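Okay, structure first, notes after.
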Amino acid sequence: QVQLVESGGGLVQAGGSLRLSCAASGGSFGPVAMGWFRQAPGGARDVVATIVYDSSVKYYTPSVRGRFAISRYNANDTMYLQMNFLKPEDTAVYYCASDVDVWSWPYRTRGSWGQGIQVTVSS
């Protein structure tokens with residue numbers, strides 16, 4: 001399976017922005033749906049956003065709609081999550097995932113997870 005590498009996390013004040021990146025290493029994303037998930041301390045790993053191969057369908061969990069934007073560039077096997085108007089409750093470890101099954105709920109990956117990257121939003 002392709003390895004996924006996240007970057008772009010860090011510490012930001014509430015109301016600020018961050019852009020997460022996910023790159024494929026040693027392979028290609030392939031013609032599959034991709035997604036971002038997050039896990040807060042003591043919580044479950046939940047879906048944040050998903051995007052199908054041709055970017056025609058995107059899903060956002062309700063708490064981030066209007067603030068986050070997912071995108072992908074298949075030519076160079078990268079995916080992004082633009083996060084604006086960040087809130088303290090967005091604090092979590094964010095994971096990118098390949099081959100997300102977007103046809104059944106809850107969304108799950110059938111492929112790879114990235115190593116995760118910390119996003120901390122201070123109030």
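Values below: every heavy atom of this structure, side chains too, minus hydrogens, waters and symmetry copies. For clarity, every value in this text was computed on a predicted model and none was experimentally measured.
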Do R19's NZ or CZ and the ring of Y80 fall within the cation-pi criteria of under 6.0 Å and 45°? yes
S98 (side chain) donor-acceptor with F29 (main chain) under 3.5 angstrom: no
Do V48 and V12 share a hydrophobic cluster, counting only Ile, Leu, Val, Met, Phe, Trp and Tyr and linking them when any side-chain heavy atoms are less than 4.5 Å apart? yes
For the residue pair T120 / Q118, report whether a side-chain donor-acceptor contact shorter than 3.5 Å exists. yes
Locate the shortest heavy-atom distance separating V2 from A24; write the atom from each residue and the value. CG2-CB, 3.6 Å
Under 4.5 Å side-chain linkage, directly or through intermediates, the cluster mates of V57: F37, V47, V52, Y59, V93, Y95, V100, V102, W103, W105, Y107, W113
Smallest heavy-atom separation, R67 atom then D90 atom, equals NH1-OD2, 2.8 Å
Nearest 0.5 Å, please: how far is CZ in F68 from CG in L81? 6.0 Å
Is a donor on one side and an acceptor on the other found under 3.5 Å between the side chain of E6 and the backbone of C96? yes
Heavy-atom nearest pair, V32 first then R72, reads O-NH1, 2.7 Å
Are the side chain of D101 and the backbone of R110 linked by a donor-acceptor contact shorter than 3.5 Å? no
Side chains of Y60 and R65, donor plus acceptor under 3.5 Å: no
